Amino acid sequence: MFTQLSLALNNFIDNDLGHAADQTSLLRKKHKLHLADSLDKGHWTTNLCLVASGIAKVNPRELAVKLAVVLEAIDGVDRVEIAGPGFVNIFLTQDAFLQQAEHTINLAPEINSSLQEKIQIEFVSANPTGPLHVGHGRGAAYGDAIARILSSLGHQVEKEYYVNDAGRQVDILGCSIFLRKFSCTDDESFPASGYQGSYVLEIADSIKLDENAQHIQKEELCKNLPDDPEAEIDELIARIQSNYSDLWPIIRAGGLAYVTQSIKNDLTEFKVEFDQWFFESSLGELSNEMSDISKALHQVKQNHAYEKDGAVWLESTKFGDDKDRVIIREDGRGTYLSADLAYHKNKLDRGFDTIINVWGSDHHGYIKRIEATIEAMGYNKNQMQVQLVQFANLFEDGAKVKMSTRSGNFYTLKQLIDDIGPDAARFYYLSKQADQHLDFDIGIARTHSKDNLYYYVQYAHARICSVQNKYLALGGSLPKVFNSIDGFHACDPLIQLALNFPFVVKSAGENLQPHLIIYYLRDLAQGFHHFYNETNILKAEEQDQANMLRALDLVKNVIASSMELIGIEPLQEM
RNA sequence: GCGCCUGUAGCUCAGUUGGAUAGAGCAACGGUUUUCUAAACCGUGGGUCAGGAGUUCGAAUCUCUUCAGGCGCGCCA
C-alpha cells in the first residue's frame, strides 16, 4: 500500500501541479508519507500539500481537495480527509489495511539492490592491555547492533576489531608481566605507569618458561630509575629488552596472546563476533621499505609533507585540520597517526563503499585529523563515517560505581555480563543515543521488577507465547491469515503499530541509531499489554478470536525481529 | 582561549533532515484480579522544551546571542 500511495503522490507532484522542474524535485524530496500515529488521523498521512504551499505559494487546503480526488480513486482507499492546515489523511478499507499486516508479518524486507553497499564497521578496538570494561561494552553493543541492522537492510557488512599490538602500551604490559613474573618489585615500588591490575599476575602465572630462565638480576634491573613515571617505565622496558632479549619476546607475545584471547572470550559471551581481527603489527615496520606502513607514508610524503625540527609533518591543515601533524618523529619512529594512516589506506583499498569507525567520544578531536589524512592520501573523506560513543556511568543503588583503570581496579564487562546477563546489558547500553552520556543503574537492570524496562518488553513476548500455547492446548490451530470482518477493529491500533517496523529499521539504519529499536519495542510492548488487559482472547467470538491471534502473531514476530536486530533473544516464558 | 557535544516533567530519557493538543518509564496519589502470567492495566497531578531575539502559514527542531554543564585541543595512544 505504501508503494502505491507513494507512487500516486509522486505522479501528482509531476503531473498535476505544473511546477518548475527544480520545484518538483524539491517537493519530491521534502514531502512525507507516513503511518498515522493515531487511527483517527487515518492509516496514512501526508504533508505534501503543506510543503507544496511553502514552495509554490498555493493554498494548501485547495490543493488537498485535488489530491483527495486522486487518492480516493486508488484501490484500497476508503476515504480521504483534509485536516488541520492541510494534512491529507488517508483511510483504507479494512481489507487493504489487513493486507498490509499480512505483508509485514512475513517480514520480507524490500531491498533495492542498487542501494546495497559494502560496509565495514570497526568497533571496540580496545588496546590489548587488559580486560574490557563497561565502557567498551557500550561500543560493542552499539557496533554489533548497527551491523545487524545494516545487514537486515541488505547491506554487506563486515565487523572488524583493530588490535593495537605494535605500540608502547603493549611494551608496558610486557614489562608489567615481566616484573610480576620474577617478583622484581613489591606492590609498593611497582612502577606507577605499569599495569597494576591483578590480571597481570594471572598472565604472569600462565606463561611457562624454561628453568634456566630464572636468573634475573632484580636489583640491577630496578636501580637508579628515573623519578618520572613515564620515563621510569620506558627505561625498564629498554633494560629488559637489551638484557633479556631471549625472554622479552616470549613474555611480551605471551601477554598479548593472553589478553587478546580473554577479550575474545568476553565478546563471545556478549554475543559479539568479529569477522576480522586486524593487527597493527601486520602493517609492518617503518624500517622496512616494502611494508604497508612505509608505502602509505611514502605516498603521502610525496605531496603533502615537509620536514621541520627533524620530524616529518603532514600538511593536514590543507585538508581542514587545525594544525599540521607529525607523522615521523625526530628519532625516526612513526607516530600513532602514521599507523592509523596506513590502516585507513588498507581499509579503503579493500573496496568498502563505506567504513564506519566507532570511537570513544574522547577521540572526537581526532576526527578532523584522520579525515585530513584520508584526503591527503587521495581518498574521499565521506567514505569514512565516525560514530562516537560516550562512556557509560555505572550506578548502583543511586551511587556511582568508581572506576579507575590505572590501579587496575574496575568493573569489567565480564562482571556486568555475569551480573545481569548479556541481553539485559545490551538492552540498557542501547537505551540511549550512543554519543550521549549514559547513566546505567545495575541495581535496576538486576531486578526482575516493574522498574525494569527490559523485562517489560520481554514479558510482552512471553505473554503472547503463553496465549498461543494455551490456545493450541485447547485443540486450536493458529490462523494463517486475517479474515476481513466488518465492524471488528479491536486490533487495529496494535496492527498499525506493528506496521511501523520496516520504517523504524530503515531509520535506525540510515541514522545509525539502534536506540530507536529500543523505544519502538517499548511502544509495541505497551500497545500489547494494553490490548491484552482489556480483551480476553481465549473467550472471544470465534471469528474475532482468529483475527486477534493473527494480530498477536504479527506483534510477536515484530518483537522477536526487533530484538534480533539488537542481539537480544526473546523469552518464550517468564 | 579555540573546537565539538549537551540543556525537554521531581528523576532517567524519547521526540531535533520544521508539522496537527510536547511524549514514555520511574517516583507521588487513587483504582483494577472468582477470567488467557498483576513482571500487567486504567486514572490524577506534574512543563515559560535553559533565557532572549530572529526566520514563516507553523519552531523543542533552523539562525544569532546569553547562561550552565561535559569532552577534546601532544613528536601519548
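Everything numeric here is computed off the predicted structure, so don't read it as measured data. Letters A, B, ... mirror the listed sequences (proteins, then strands); counts begin at 1. As a basis for the values below, the full set of heavy atoms in this structure was taken, side chains included, without hydrogen atoms, waters or symmetry mates.
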query: Quick one: on RNA chain B, does A:H529 or A:K539 contact a more 5' nucleotide (nearest heavy atom)?
result: A:K539
message: What's the gap between B:rG69 and B:rU8 when it is taken at their P atoms, as a whole Å value?
response: 14 Å
query: Roughly, in whole Å, what's the span from CG in A:L497 to P in B:rA24?
result: 13 Å
field: Pair partner, B:rC4 [Watson-Crick or wobble, under 3.5 Å]
entry: B:rG70
field: A:N89-A:E81 side chain donor-acceptor pair, cut-off 3.5 Å
entry: no
message: Output the rounded distance in Å from CG (A:L341) to P (B:rA77).
response: 14 Å
message: Suppose you measure atom C1' in B:rA59 against the same atom in B:rU63; what distance do you get, rounded to whole Å?
response: 12 Å
query: Does B:rA59 have a Watson-Crick or wobble mate here (both distances under 3.5 Å), and if so which one?
result: none
- prompt: Between the base of B:rA77 and the side chain of A:T335, is there a donor-acceptor distance below 3.5 Å?
  reply: no
field: Nearest heavy-atom neighbours spanning A:L549 and A:V467
entry: CD2-CG1, 4.4 Å
- prompt: Does the base of B:rA20 carry an N or O that pairs as donor and acceptor with the side chain of A:D37 under 3.5 Å?
  reply: no
task: Could you tell me which nucleotide pairs with B:rU34 by Watson-Crick or G-U wobble geometry, both distances under 3.5 Å, or answer none if nothing does?
output: none
task: Could you tell me whether A:S53 contacts a base, only the sugar-phosphate backbone, or nothing, with contacts defined as non-hydrogen atoms closer than 4.0 Å?
output: nothing
query: B:rC41 phosphate, OP1 or OP2: any side-chain N/O from A:Y456 under 4.0 angstrom?
result: yes
task: Determine the contact category for A:Y471: base if any of its heavy atoms lies under 4.0 Å from a base atom, sugar-phosphate if only primed atoms, P, OP1 or OP2 are that close, otherwise nothing.
output: nothing
field: Pairwise P distance for B:rG47 and B:rC11, with rounding to whole Å
entry: 13 Å
- request: Quote, to the nearest angstrom, the C1' distance that separates B:rC41 from B:rU33.
  value: 11 Å
query: With a non-hydrogen cut-off below 4.0 angstrom, is A:D340 in contact with a base, only sugar-phosphate, or nothing?
result: nothing
- request: Name the nucleic acid region contacted by A:N536, choosing base, sugar-phosphate or nothing; use a 4.0 angstrom heavy-atom cut-off, strictly under.
  value: base
message: At 4.0 Å (heavy atoms only), tell me whether A:H364 reaches a base, stays on the sugar-phosphate, or touches nothing.
response: base
field: Salt bridge present between A:D292 and A:K345 (N-O < 4.0 angstrom)
entry: no
query: Does A:R61 place a side-chain N or O at less than 4.0 Å from the phosphate oxygens OP1/OP2 of B:rC57?
result: no
message: Checking side chain to side chain contact (heavy atoms under 4.5 Å, CB included) between A:T46 and each of A:L33, A:V51, A:V80, which is the one that passes?
response: A:L33
- prompt: Hey, does A:D234 reach any base, or is it just sugar-phosphate, or nothing, if we go heavy atoms under 4.0 Å?
  reply: nothing
task: Can you measure from CG (A:L67) to CD1 (A:I82) and round to the nearest 0.5 angstrom?
output: 8.0 Å
task: Specify the closest pair of heavy atoms between A:L453 and A:R522, including all atoms of both residues, with the distance to one decimal.
output: CD1-CG, 3.7 Å
message: Whether A:R329 contacts B:rC76 is assessed here as follows: a side-chain N or O lying under 4.0 Å from the phosphate OP1 or OP2. Is that the case?
response: yes
Qualifying residue for ring pair (Phe, Tyr, Trp, His ring centres under 6.0 Å) with A:F427, from A:Y519, A:Y455, A:Y456, A:Y454: A:Y454
- request: Please give the nucleotide sitting opposite B:rA39 as a Watson-Crick or G-U wobble pair, both distances under 3.5 Å, or none.
  value: none
field: Side-chain H-bond candidate by donor/acceptor type, A:K556 with A:Q468, under 3.5 Å
entry: yes
Donor-acceptor side-chain pairing of A:Y142 and A:D435 below 3.5 angstrom: no
query: The side chain of A:Y532 lies closest to which of these nucleotides: B:rA77, B:rA20, B:rA38?
result: B:rA38
query: Is the phosphate of B:rG25, meaning OP1 or OP2, less than 4.0 Å from a side-chain N or O of A:Q526?
result: yes
message: I want to check one thing: is the phosphate of B:rC2, taken as OP1 and OP2, less than 4.0 Å away from some side-chain N or O of A:K323?
response: no
Which residue lies more 5' along RNA chain B, comparing A:K32 with A:I537 via nearest heavy atoms: A:K32
field: Integer angstrom distance from the P of B:rC5 to that of B:rU17
entry: 15 Å
task: Test A:N357 against every option in A:H363, A:K347, A:Q387 by the side-chain hydrogen bond (donor to acceptor under 3.5 Å, both in side chains) rule and name the one that passes.
output: A:K347
Mind listing the N/O atom pairs, protein and nucleotides 10-14 of chain B, below 3.5 Å?
unit_1	atom_1	unit_2	atom_2	d
B:rC13	OP1	A:K432	NZ	3.1
B:rC13	O2'	A:Y519	OH	2.5
B:rA14	OP1	A:Q433	N	3.2

task: Please state the P separation for the pair B:rU61 and B:rU6 - nearest whole angstrom.
output: 13 Å
- prompt: Considering every strand shown, what is the Watson-Crick or G-U wobble mate of B:rU48 when both distances are under 3.5 Å?
  reply: none
task: Could you give the distance separating B:rA60 and B:rU21 at their C1' atoms, to the nearest angstrom?
output: 15 Å
message: Mind checking if A:Q458 touches a base, just sugar-phosphate, or nothing, with heavy atoms under 4.0 Å?
response: nothing
- request: Would you indicate which nucleotide in B:rC75, B:rG15, B:rG19 comes nearest to any side-chain atom of A:Q513?
  value: B:rG15
- request: Please determine if a side-chain N or O atom of A:H530 lies less than 4.0 Å away from the OP1 or OP2 oxygen of B:rC42.
  value: yes
message: If I take atom CZ in residue A:R28 and atom C1' in nucleotide B:rU17, what distance separates them, rounded to the nearest angstrom?
response: 18 Å
